[in-house]
> 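One structure is given below, represented as structure tokens, and several questions about it will come after.
Each chain gets a letter, A, B and so on, in the order its sequence line appears, and its residues count up from 1.
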Number of protein chains: 2
Amino acid sequence: MTRWAFTIEYDGSAYAGWQRQADVPSVQQTIEEAAAKMLQQPVALTVAGRTDAGVHAKGQVAHADLTLDRAYAGFELAKGINAHLRLHPISIIRAQAVGEDFNARFSAINKLYTYRIIARPQKLSFDHNRAWHVYHPLDVAAMRAGAVHLMGHHDFSTFRDAQCQAKTPLRTLMRLDIEEHMSPHDESQHLAIHVEAKSFLHHQVRNMVGTLALVGQGKWTPEDIKSALAARDRTKGGPTAPACGLYLMRVDYTQ
Amino acid sequence: MTRWAFTIEYDGSAYAGWQRQADVPSVQQTIEEAAAKMLQQPVALTVAGRTDAGVHAKGQVAHADLTLDRAYAGFELAKGINAHLRLHPISIIRAQAVGEDFNARFSAINKLYTYRIIARPQKLSFDHNRAWHVYHPLDVAAMRAGAVHLMGHHDFSTFRDAQCQAKTPLRTLMRLDIEEHMSPHDESQHLAIHVEAKSFLHHQVRNMVGTLALVGQGKWTPEDIKSALAARDRTKGGPTAPACGLYLMRVDYTQ
């Protein structure tokens, strides 16, 4: 038996989230069934980040213990599973044999999420369900000034979902930067908000983004973020930004 | 009666091309019906470039003569039509009142097409149907050296579809450059081939791209492009690149 780590990309629009559930399609079930079909054995994945319904991934990581009838190269295993994912917007980007002490969830030392916002008056065609669509441009300088207050080690209760099962609201934000570019063809504003930490509270990124958007809209000052954080109270934070803008980009491990 | 010009964006995957046809969904029919519903009158669009099935647009232009019951601002007209395009991957980016001598097709002085290629071993999830997927990286330096021979004024018969109805195979290529970037998350190679001319022969861009790809794969030398062009014979050119990689990005007018 060998433990394998998979790097996985998916468009989350069609799924009720990563986690297997009764009666609704999940990313986990779709991949487990594809792998089981290819390898003729039950496959159980343990994932780094259980993304919510509609959330995307470009670098999700999951591991599984497999008993293979012969030696497989990583690319071969990925290719075989991908053949069974043909009809799904999911792709195994990499498969790698790892030690049995590797755990996709518990060995992770850092995660990068990117949140995409597109501001333009017209409805989206190419990026429908792949970015948060807002109608008016956001003040990025103000958002960056507000974001500074979230950096570092804090009690993030203000940005924590009521359902969050973490033992502590303390988290350390290592990076929060906002990339902006204007698209020449439609004069739209595209934001990519990059956020890194060892781990996040439930909905933390979407709650932080929803609050930063208030600053970008001029409804809040950058300093309002500081007082909201200090309040340690979810009701003092902004709304939860929609799932469709969120991408799990990368999970880092020491090995 | 006022003539209106519309700048239009669409994901061509779901359509049998721009042009209205019996029994299959077209971009033209979808927009004409949406506009007719909003404006309560028949709407007939004249388009700058009749894109083929599966070809996308970020800056298609079409005009129509409309009799409106009151003054409309461009954004208002675009918004109204977009409301009736809610369920379609089509968006009116801009609507502008123009003079009656404006013709979306005949007044065009320049067109920009971009052709996207993604090279990676794994199947595409996010860009499925939105780029040409190849499995191995292409030699971009060689492709650029080959592209030089296509620049300027030539008889492009080698890159002209048999169905082409243009009076002459002479065209003047003002730009053909290849942008490359590597995506860090999956180590894929992304190419964007930008091509500009006043007008193109039928399938000219896709035939040039298919031929340049042979150079990128090392099957042809850059100089083979020169002799293929000189042959003025479609059978001496490379294959037609798939429709899904092609985007009509912009149409320029003097006014």
Side-chain angles (χ1 to χ4, degrees), chain A residues 6-14 27 30 34 56-61 73-95 112 114 116 118 120-131 133 135 183-188 247-251, chain B residues 6-14 27 30 34 56-61 73-95 112 114 116 118 120-131 133 135 183-188 247-251:
Chain A
F6 300 97
T7 307
I8 306 164
E9 181 188 88
Y10 49 86
D11 177 335
S13 314
V27 181
T30 307
H56 314 292
K58 296 210 166 185
Q60 175 70 281
V61 177
F75 78 90
E76 217 184 343
L77 198 53
K79 193 177 164 180
I81 301 171
N82 281 337
H84 290 279
L85 289 168
R86 217 164 44 253
L87 304 173
H88 302 274
I90 300 176
S91 191
I92 309 292
I93 296 301
R94 211 174 289 117
L112 165 63
T114 295
R116 293 182 67 209
I118 299 178
R120 72 174 199 183
Q122 311 85 3
K123 75 191 192 74
L124 302 183
S125 35
F126 289 97
D127 287 306
H128 178 65
N129 277 338
R130 296 197 180 172
H133 176 213
Y135 296 91
S183 171
H185 90 278
D186 60 353
E187 292 153 38
S188 58
Y247 293 72
L248 174 52
M249 296 300 288
R250 207 181 67 221
V251 184
Chain B
F6 299 97
T7 306
I8 306 164
E9 181 188 89
Y10 49 86
D11 178 336
S13 313
V27 181
T30 307
H56 314 292
K58 296 210 166 184
Q60 175 69 281
V61 177
F75 78 89
E76 217 184 343
L77 199 52
K79 195 178 164 180
I81 301 171
N82 282 337
H84 290 279
L85 289 168
R86 216 165 45 252
L87 304 172
H88 302 275
I90 300 176
S91 192
I92 310 292
I93 297 301
R94 212 174 287 115
L112 164 63
T114 295
R116 293 184 66 207
I118 299 177
R120 71 174 201 184
Q122 311 84 4
K123 77 191 191 73
L124 302 183
S125 36
F126 289 97
D127 286 307
H128 178 64
N129 278 336
R130 297 199 179 168
H133 178 212
Y135 295 90
S183 171
H185 89 276
D186 59 354
E187 291 153 41
S188 58
Y247 293 73
L248 174 52
M249 295 300 287
R250 206 182 66 220
V251 185

> Please flag which part of B/K79 lies under 4.5 Å from any non-hydrogen atom of chain A: side chain, backbone, both or neither.
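No part of B/K79 comes within 4.5 Å of chain A.
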> Measure B/R86 against the heavy atoms of chain A and call it side chain, backbone, both or neither at under 4.5 Å.
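The answer is the backbone of B/R86.
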> Give, for atom NE2 of B/H185 and atom CE of A/M249, the distance between the pair rounded to the nearest 0.5 Å.
6.5 Å
> Is chain A contacted by the side chain of B/I93, its backbone, both, or neither, given a heavy-atom distance below 4.5 Å?
both
> Can you find a pair of side-chain heavy atoms, one from B/R94 and one from A/E187, that are under 4.5 Å apart?
yes
> Given that the side chain runs from C-beta out, which part of B/F126 has a heavy atom under 4.5 Å from chain A: side chain, backbone, both or neither?
both
> Out of curiosity, A/I8 CD1 to B/Q122 CD, how far, rounded to the nearest 0.5 Å?
12.0 Å
> Working to the nearest 0.5 angstrom, can you tell me the gap between A/H88 NE2 and B/S125 OG?
12.5 Å
> Does a side-chain N-to-carboxylate-O contact under 4.0 Å join A/R120 and B/E9?
yes
> Is it the case that more than 12 heavy atoms not belonging to B/H84 sit under 6.0 Å from its NE2 atom?
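Yes, enclosed.
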> Can you tell me how far CG of A/D186 sits from CD1 of B/I92, rounded to the nearest 0.5 angstrom?
13.0 Å
> Do B/K123 and A/L85 touch side chain to side chain, with heavy atoms closer than 4.5 Å?
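Yes. Closest side-chain heavy atoms under 4.5 Å.
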> Atom CG of B/L124 and atom CG of A/N82: how far apart are they, to the nearest 0.5 Å?
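One gets 10.5 Å once the value is rounded to the nearest 0.5 Å.
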> Is A/Y135 in contact with chain B via its backbone, its side chain, both, or neither, using a 4.5 Å heavy-atom distance?
neither
